[in-house]
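Below is one structure, written out as structure tokens; comments come after it.
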Amino acid sequence: MKQEEVIKMRMGMRMKKTLIILLKSLGVIAIIIGLFLAIVFIVNMISNKSEQGKIETYGQLVSVDGKNMNVMIQGKGDETVVLLPGYGTAAPALDFKPLVDELSPFYKVVVIEPFGYGLSDVTEKVRSTDNIVSEIHEALQSLNIDRYILMGHSIAGIYGLDYVNKYENEVSAFVGIDSSVPTQGGMDTQFPIKTIKLLQKSGFVRLIMKLSPDPYATLPFDDKTKEQMRFLALKNMNNTSTLNEMVNFYPNFKAAEKLSFPKDLPLILFVQANNTDVDKWIPLHEEQVKDSVHGKMIKLEGEHYLHHTQSKEIVENFRAFMEEIK
């Protein structure tokens with residue numbers, strides 16, 4: 001055999017060995033990835049079942065559209081304040097606790113947990129503003145509550161705008177807590193719903209939350225409440241109702257553009273002073289209150305969930321405002 005042929009043969013054998021090693025390595029990597037995905041999925045399944053048994057009930061269930069909606073009531077004041085949460089708030093009744101504690105010595109406070117939130121059922125019904133508002137109203141009607149101040153956080157500014165126009169004779173005032181505005185930018189975003197569903201079902205949402213900084217670490221809640229909020233966040237995150245609500249962001253915001261708060265309705269908006277995420281955040285809210293006979297905007301320092309850290313200031317200013325208009 002010639003030397004050239006020997007060299008070629010040896011090179012061929014080396015390449016074959018290298019290829020075999022590479023294929024084996026890829027196979028091992030694929031097995032490791034498969035095992036990792038399986039472990040993440042199984043851990044999520046087991047954790048979900050375990051946490052379900054640890055979730056503690058609160059409030060009361062009322063029948064709405066044939067399903068159960070959870071409502072929490074605290075305080076015995078002559079006037080009633082109805083609280084509506086922002087989008088994706090896992091457990092509104094727990095999340096609003098600092099605000100409820102400040103309000104309840106003076107008012108009867110009713111926290112609504114819409115379908116897909118807190119301890120309420122999920123629903124397959126489209127999360128249009130019309131449906132959401134109708135369900136909230138039905139819950140209040142079933143509790144024989146027909147005169148109240150509506151106080152809403154974030155996207156409740158959109159639903160609340162529709163609500164006060166439909167039930168003007170029932171709502172005595174509207175209070176916004178860094179509430180959304182119909183003309184704010186970015187609401188035409190196309191969300192990757194299928195990807196979100198896949199991440200949720202696979203257990204990667206749980207893994208991401210586990211590896212991320214604790215969002216409740218610095219909040220004014222006791223450890224037990226924080227634990228319950230985590231359980232409910234993992235239970236409710238990206239469920240059927242909230243994902244459909246996300247899909248309907250744009251049409252709901254567009255529909256609200258033709259609405260304005262009734263001029264004679266007392267209107268006070270507490271707005272995050274240092275918001276850098278939404279262009280012209282302050283002017284947008286100034287525009288909302290400018291035509292109101294009893295309209296006021298108050299800037300507060302803090303994060304979007306102003307009621308976590310500014311509940312005392314919110315209630316003090318709100319009560320002073322209500323006294324002024326009387």
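If you're wondering where the values come from, they're calculated on a predicted model, not measured in any experiment. Below, all heavy atoms of this structure are taken into account, side chains as well, without hydrogens, waters or symmetry copies.
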Can you measure from [atom1] ([X]) to [atom2] ([Y]) and round to the nearest 0.5 angstrom?
{"X": "Asn274", "Y": "His304", "atom1": "CG", "atom2": "NE2", "result": "12.5 Å"}
{"X": "Gln141", "Y": "Ile136", "atom1": "CD", "atom2": "CD1", "result": "13.0 Å"}
{"X": "Gln184", "Y": "Asn275", "atom1": "CD", "atom2": "CG", "result": "9.0 Å"}
{"X": "Leu243", "Y": "Met237", "atom1": "CG", "atom2": "CE", "result": "11.0 Å"}

Review point. Taking only residues two or more places apart in sequence, or in another chain, which ones meet Tyr58 in a ring pair (Phe, Tyr, Trp, His ring centres under 6.0 Å)?
Key: none

Point to revise | Sequence neighbours excluded, every pair satisfying salt bridge (Lys or Arg N to Asp or Glu O under 4.0 Å) that has a member inside residues 80-99 | key: Lys97-Asp101

Exercise for review: Not counting sequence neighbours, which residues clear side-chain contact (heavy atoms from CB on, under 4.5 Å) with Glu227? List them please.
Suggested key: Arg230, Phe231

**Study point:** Ring centre gap for His308 and Phe221 strictly below 6.0 Å
**Key:** yes

Got [X] and [Y] here, is their nearest side-chain heavy-atom distance under 4.5 Å?
{"X": "Leu143", "Y": "Gln60", "value": "yes"}
{"X": "Pro98", "Y": "His307", "value": "no"}
{"X": "Leu269", "Y": "Ser179", "value": "yes"}
{"X": "Phe318", "Y": "Leu103", "value": "yes"}
{"X": "Leu300", "Y": "Val271", "value": "no"}
{"X": "Met297", "Y": "Glu287", "value": "no"}
{"X": "Lys299", "Y": "His285", "value": "no"}
{"X": "His294", "Y": "Leu265", "value": "no"}

Review point. Listed by chain and number, what are the side chain to side chain donor-acceptor pair (under 3.5 Å) partners of Glu56, not counting sequence neighbours?
Key: Lys224

Exercise for review: May I have the step-by-step check of side-chain contact (heavy atoms from CB on, under 4.5 Å) for Val110 and Met72, ending in yes or no?
Suggested key: CA-CA 6 Å; Val110 181; Met72 192 188 76; over 6 Å; no

Check your understanding: Take atom CD in Glu303; do more than 12 heavy atoms of anything else shown fall under 6.0 Å from it?
Key -> no

Exercise for review: Provide the full list of ring-ring contact (aromatic ring centres under 6.0 Å, His included) pairs with a residue in residues 115-148, sequence neighbours left out, each pair given once.
Suggested key: His137-Tyr167

Practice item. Would you list the pairs meeting ring-ring contact (aromatic ring centres under 6.0 Å, His included) in which at least one residue belongs to residues 236-280, sequence neighbours left out? Key: Tyr87-Phe249, Phe174-Phe261, Phe191-Phe249

[X] and [Y] ion-paired at < 4.0 Å:
{"X": "Glu316", "Y": "Lys312", "answer": "yes"}
{"X": "Lys108", "Y": "Asp78", "answer": "no"}
{"X": "Asp162", "Y": "Lys166", "answer": "yes"}
{"X": "Glu102", "Y": "Arg319", "answer": "no"}

Check your understanding: Between Leu150 and Val175, does a side-chain contact (heavy atoms from CB on, under 4.5 Å) hold up when you go through it step by step?
Key -> CA-CA 6 Å; Leu150 202 61; Val175 184; over 6 Å; no

Check your understanding: Do Asn131 and Ser134 get their side chains close enough for a donor-acceptor pair, meaning under 3.5 Å?
Key -> no

Provide the closest heavy-atom pair for [X] versus [Y] in the form atom of the first, atom of the second, distance.
{"X": "Glu324", "Y": "Lys296", "result": "OE2-NZ, 4.0 Å"}
{"X": "Ser172", "Y": "Ile149", "result": "OG-CG1, 3.3 Å"}
{"X": "Val62", "Y": "Ser142", "result": "CB-OG, 3.7 Å"}
{"X": "Ser292", "Y": "Leu267", "result": "OG-CD2, 3.5 Å"}

Practice item. Take Asn244 and Ser241 through the test side-chain hydrogen bond (donor to acceptor under 3.5 Å, both in side chains) and record every step on the way to the result. Key: CA-CA 5 Å; Asn244 189 259; Ser241 297; over 6 Å; no

Review point. Please walk me through it: do Ile112 and Met69 pass side-chain contact (heavy atoms from CB on, under 4.5 Å)?
Key: CA-CA 8 Å; Ile112 301 289; Met69 183 175 286; 3.9 Å; yes

Check your understanding: Relative to the ring of His153, is the ring of Tyr305 parallel (under 30°), tilted (30 to 60°) or perpendicular (over 60°)?
Key -> tilted

